[in-house]
Amino acid sequence: GESWAPLSRATLGRFLRSWWGHAMAHVTGEQAIRVETLGERLGDLRLCEPNALASMRRSLEHNGQLSALAVFTTDDGVETIDGFKRLRAARALGWSEVRARTLDVDLVGAKTAISFLHEHCGLTELEQAWLVRSLYREDKLTQPEIGVRLRRHKSWVSRRLLIAEGLDEAVQADVRLGLLSASAAA
């Protein structure tokens with residue numbers, strides 16, 4: 001998702017403050033970050049279909065990196081929030097650095113940011129479901145809390161949780177491998 005890339009640092013900061021309040025107010029300017037230092041622990045919440053990855057690789061080869069990744073820092077290092085295709089394509093091309101903006105968030109804030117950063121171009125229902133399940137199971141948020149953080153009704157949260165938990169793991173694995181479309185699976 002490139003939906004937030006054209007926003008200036010100040011505009012992004014104002015929008016994040018209005019979205020999350022003062023706890024999520026700081027966004028750094030773009031900086032070069034070594035590719036090998038970037039983690040992808042949130043990558044399982046996103047699809048990365050082989051065709052889309054190949055397209056991103058071609059784009060990076062011909063145009064360079066057009067927009068910065070979104071990242072956050074943890075005790076273990078720097079983790080990617082948005083830009084998994086760019087990062088994977090850069091790795092495949094042997095790049096040593098990528099441009100990134102650091103969002104001042106914790107793990108729950110980073111997961112929430114995934115939803116915000118894709119508000120206009122949209123996550124698939126299955127990606128939404130994986131995000132909700134992660135917030136519910138791993139971060140122990142209640143369904144109403146998830147609804148507030150994602151600015152969704154608790155019934156929307158409940159439906160997404162049912163998708164994630166009702167879909168066979170083998171089918172989810174096929175979607176992650178690109179063998180089955182997300183829309184067909186959900």
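- Not one N or O on the side chain of R34 forms a donor-acceptor pair closer than 3.5 Å with the backbone of E97.
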Item to check | V148/R152 under side-chain contact (heavy atoms from CB on, under 4.5 Å): CA gap, chis, key distance, verdict | outcome: CA-CA 6 Å; V148 168; R152 299 288 190 155; over 6 Å; no
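- For the atom pair L131 CG and H118 NE2, the distance stands at 10.5 Å (nearest 0.5 Å).
- For R88 against C48, the heavy-atom pair with the smallest separation is NH1-CB, 3.0 Å.
- In this structure, L42 and F72 have side chains that are in contact, with non-hydrogen atoms separated by less than 4.5 Å.
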Checklist entry - Which is it for L150 and W156 under the side-chain contact (heavy atoms from CB on, under 4.5 Å) test, yes or no, and what are the steps along the way? => result CA-CA 10 Å; L150 298 181; W156 181 92; 3.9 Å; yes
Item to check | Derivation of the side-chain contact (heavy atoms from CB on, under 4.5 Å) call for S96 and V35 | outcome: CA-CA 5 Å; S96 60; V35 168; 5.8 Å; no
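- The shortest non-hydrogen separation linking A129 to A164 is O-CB, 3.5 Å.
- Checked by atom type, the side-chain pair R86/S67 shows a donor-acceptor distance below 3.5 Å.
- You'll find the side chain of L47 reaches within 4.5 Å of the side chain of W130, heavy atoms only.
- Not one N or O on the side chain of R46 forms a donor-acceptor pair closer than 3.5 Å with the backbone of I81.
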Checklist entry - Stepwise, does the side-chain contact (heavy atoms from CB on, under 4.5 Å) test hold for E79 with L38? => result CA-CA 5 Å; E79 291 289 335; L38 289 169; over 6 Å; no
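- For R101 (side chain) and A68 (main-chain N/O), no donor-acceptor pair under 3.5 Å exists by modelled atom type.
- Within the model, atoms CD of Q143 and CG of L161 stand 5.5 Å from one another, a figure rounded to the nearest 0.5 Å.
- Distance check, rounded to the nearest 0.5 Å: OG1 of T73 to CG of D76 gives 11.0 Å.
- Hydrophobic clustering (side-chain heavy atoms under 4.5 Å, transitive across Ile, Leu, Val, Met, Phe, Trp, Tyr) keeps L162 apart from L167.
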Next on the checklist: Would R137 and E165 count as a salt bridge (Lys or Arg N to Asp or Glu O under 4.0 Å) here? Give the steps.
Outcome noted: CA-CA 11 Å; R137 295 286 179 210; E165 298 198 337; 2.6 Å; yes
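- Counting only distance, with no hydrogens or angles, the side chain of E127 and the backbone of T124 share a donor-acceptor pair below 3.5 Å.
- Between the T80 side chain and the G39 main chain, a donor and an acceptor come within less than 3.5 Å of each other.
- The shortest non-hydrogen separation linking L123 to Q128 is O-NE2, 3.6 Å.
- With rounding to the nearest 0.5 angstrom, the NE2 atom of H62 is 11.5 Å from the CZ atom of R57.
- Nearest approach of K111 to E138, heavy atoms of both residues: NZ-OE1, 3.2 Å.
- One N or O on the side chain of D168 and one on the backbone of A170 form a donor-acceptor pair closer than 3.5 Å.
- A distance of 10.0 Å separates CG of L53 from CZ of R58, quoted to the nearest 0.5 Å.
- Contact of the R149 side chain with the I146 side chain is not registered, since no non-hydrogen atoms from C-beta on lie closer than 4.5 Å.
- Side-chain N or O atoms of Q172 include none that pairs as donor or acceptor with a backbone N or O of E169 at under 3.5 Å.
- The closest side-chain heavy-atom distance from L107 to R41 is below 4.5 Å.
- In this structure, the side chains of D82 and I114 stay at 4.5 Å or more apart for every pair of heavy atoms.
- A distance of 11.0 Å separates CG in L87 from CE in M56, rounded to the nearest 0.5 Å.
- Although no hydrogens or angles enter the test, the distance criterion places a donor-acceptor pair under 3.5 Å between the side chain of R99 and the main chain of Q65.
- The two residues A52 and K85 come nearest to each other via the heavy atoms CB-CD, 3.7 Å.
- Remark: side-chain polar atoms of T112 are paired, donor with acceptor, to backbone N or O of V108 under 3.5 angstrom.
- When all heavy atoms are compared, the tightest approach of L60 to A90 is CD1-N, 3.6 Å.
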